[in-house]
Amino acid sequence: MQGLAASWRLYGRTDGVSRGVFGVLAVLLPLLAWSAVSYLPFVWHPQVLITDPGGEDYLESGMRMNRADFSRAVSEMQSKNEPVPQGIAANPVYLPSPGEVLTAFVHAFTSSAPTGAEHSITQAFGHSIQIIFWGFLISSLIGVPLGVMCGSLPGLARLVEPSVDFFRYLPAPAFGALAVAILGIYDAPKIAIIVIGTLFQQILVIANTTRKLDFALIEASRTLGAKGLKLLFRVVIPGILPDLYRDQRILLGWAWTYLIVAELIGTSSGITWFITQQARYQHFDNVYAAMAIIGIAGLGTDMVLGLLGRRFFAWKREIDG
Amino acid sequence: MTEHQLPDYRTLPADVAERMEQIRQREYVLEIDHVGKVFAQKRHQTVALEDIEFGVHRREFVCVVGPSGCGKSTLIRILAGLEETTTGRILVDGKPVNGPGPDRGMVFQKYTLFPWLDVCRNVMFGIEMGGAERAEARRQAMQWLQVVGLEQFATSFPHQLSGGMQQRVAIARALAARPRVLLMDESFSALDAQTRLKMQNYLMEIWRKIDITIVFITHDLDEAIYLADRILVLKPRPGRVEEVIEVPLSRPRRAAQMMSDEFLATKAHLEGLIRSFGDTTEETDEGEDDFTIPLLTLVTDKAE
Ligand SMILES: Nc1ncnc2c1ncn2[C@@H]1O[C@H](COP(=O)(O)OP(=O)(O)OP(=O)(O)O)[C@@H](O)[C@H]1O
Ligand SMILES: [Mg+2]
């Protein structure tokens with residue numbers, strides 16, 4: 001319980017219990033807020049879902065309208081002495097309840113493609129993962145070595161970094177048309193967009209990380225006879241590895257943000273296409289289910305990578321405290 | 001002898017005089033040949049060292065002292081090859097050297113063990129850089145750990161050791177690479193007094209047992225006198241050799257010698273020297289006599 005109080009002091013220390021409590025609350029509080037908005041009519045529910053149109057002919061059951069419009073329709077019917085329309089308070093269609101989203105989520109793994117989509121969520125998502133995987137792999141194969149070299153060779157840094165910095169500011173979508181023109185309309189241009197989006201950041205970020213390696217360690221290793229490739233592979237790389245790993249985790253997040261652009265060029269595909277398509281049909285439960293899958297997958301990978309990182313780089317954690 | 005009439009620090013006891021003569025007979029391992037160093041900044045130039053001329057004999061223990069900012073660290077970094085000279089050169093075994101190399105090992109003030117390697121692998125580092133096989137390097141590293149008395153910590157990581165232990169590993173790591181000269185820049189100054197004395201004794205013990213020449217930088221005069229055969233006194237702005245003192249203490253050294261007249265005489269002389277430089281420093285960081293502290297809080301009781 002002391003930990004709970006200490007958690008709210010600047011740079012205070014938390015204990016395992018309070019970390020757990022906060023972890024659970026972090027998930028629970030947003031869910032509770034969402035449920036409150038969805039299931040407690042007095043919280044928001046600005047619309048009315050028509051269950052029986054009554055005598056009003058422009059109404060249909062299943063339709064949603066603003067509360068003001070609905071009460072106008074009711075009073076109109078009352079004055080005409082016709083059957084009054086019936087309805088229940090509801091949220092706008094773009095805010096489905098947790099239950100609906102959960103159903104859609106479960107459906108995503110049990111049934112095939114919903115209306116309007118040629119793939120199920122899982123198929124679409126699988127395709128997205130492939131794009132990310134190849135895009136990030138190619139970017140890393142170039143970006144990590146080049147970044148480390150730029151960070152450790154001042155000459156190379158002076159040569160390469162200005163142009164990298166230039167390209168970094170060009171928005172990746174600007175390359176969309178170009179990528180399609182060169183690489184065709186299928187997956188290649190999508191992978192290219194991911195690569196363009198991450199690579200330039202990657203080079204600069206990793207070069208910086210490499211430069212930040214404690215110079216005293218370099219000097220110490222030099223007085224022990226290390227130089228050239230031995231210095232690089234025995235000191236520089238092991239020394240920056242934990243930070244490099246952390247950079248890669250952050251950059252993987254960048255790759256995901258470029259997925260949106262990548263999947264809308266050429267033939268649209270993947271989870272982005274699924275979401276836009278389902279939104280067009282107003283299947284917002286599916287939209288949220290798809291978003292939830294992206295979020296859970298992202299959070300999941302990051303947590304797994306974080307745990308692995310702590311296993312691999314125990315020495316770093318002990319030093320940083 | 002009258003009370004507290006200290007002897008002249010220059011009169012060496014017979015055994016010490018004989019030892020100094022022996023040392024003088026030996027060849028130079030490390031020569032500092034008219035070394036000067038100028039740091040060029042945007043506006044002005046700092047002359048850190050000017051025309052330093054000094055030779056260190058084989059198996060000699062030399063300490064370098066001097067007031068803060070006189071260029072001690074600059075000198076040892078030049079010796080290690082981590083800094084370039086502006087004029088002059090450094091010779092090891094008579095051959096000029098360029099850049100750092102395994103012939104000059106260094107123990108820094110900061111703890112510089114590789115945090116991702118365990119203690120044994122840290123010590124193996126220099127041996128492996130010399131081209132030895134992994135198994136052979138491990139065998140040698142364990143011997144060096146035995147020398148510094150840390151073989152039971154072979155699989156610990158640096159952050160699990162105390163500062164003194166880390167410096168012992170650093171010494172083992174530097175020695176394992178088989179250098180001709182061991183350079184140490186205030187390597188014990190971060191340690192508490194007891195640990196420091198223990199480390200000093202360790203270092204002298206190791207030095208006695210193996211063929212190594214040591215150049216040790218310190219600002220602690222006791223430490224310098226306790227350890228050194230000769231003390232090189234630098235004067236600041238620009239850094240020049242002020243005096244080379246032959247320490248009139250016999251070996252092996254014991255902590256009790258710190259009370260001896262020879263020790264006190266040498267110390268008094270060194271203190272006088274260093275104080276005489278004090279006037280030349282612009283920043284009066286050694287603030288002694290007339291500095292007034294503004295009254296910050298109201299004090300009601302008298303402290304003295
Ligand atoms: N990289 C540098 N650039 C410019 N000036 C420097 C640099 N390194 C040292 N100096 C200057 O050279 C002089 C000597 O510095 P040095 O660090 O060698 O002193 P020191 O004797 O080791 O002092 P201390 O006892 O405080 O460690 C100082 O005036 C310092 O300002
Ligand atoms: Mg210094």
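Just so it is clear, the model here is predicted, and its values are computed rather than measured. Naming: A, B, ... by sequence-line order, numbering from 1 per chain.
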Look at B:Ala177, B:Ala170, B:Gly101, B:Ala174 and state which one has the largest set of heavy-atom pairs under 4.5 Å with chain A. B:Gly101
Answer key: most heavy-atom pairs under 4.5 Å with chain A among B:Pro102, B:Gly81, B:Gly126 is B:Pro102
Would you indicate whether [X], at its atom [atom1], is surrounded by more than 12 heavy atoms from other residues, nucleotides or ligands within a distance under 6.0 Å?
| X | atom1 | value |
| --- | --- | --- |
| A:Phe312 | CZ | no |
| B:Arg208 | CZ | no |
| A:Arg168 | CZ | yes |
| B:Asp192 | CG | yes |
| B:Glu27 | CD | yes |
| A:Trp254 | CH2 | no |

Side chain, backbone, both or neither: which part of B:Leu113 has an atom under 4.5 Å from a heavy atom of chain A? backbone
Let me know if B:Arg173 has heavy atoms under 4.5 Å from chain A in its side chain, its backbone, both or neither. both
Between chain B and each of A:Ala226, A:Pro238, A:Ser221, count heavy-atom pairs under 4.5 Å; write down the option with the most. A:Pro238
Does the side chain of [Y] come within less than 4.5 Å of [X]'s, by heavy atoms?
| X | Y | result |
| --- | --- | --- |
| B:Trp116 | A:Val235 | yes |
| B:Pro179 | A:Thr223 | no |
| B:Pro158 | A:Trp315 | no |

Any chance you could measure A:Asp214, atom CG, to B:Tyr111, atom OH, to the nearest 0.5 Å? 14.0 Å
Identify the heavy atoms of B:Phe114 and A:Leu217 that sit nearest to each other, and give their distance. CE2-O, 3.7 Å
Any residues in residues 127-141 of chain B near chain A, with a heavy-atom distance under 4.5 Å, and which are they? B:Glu128, B:Met129
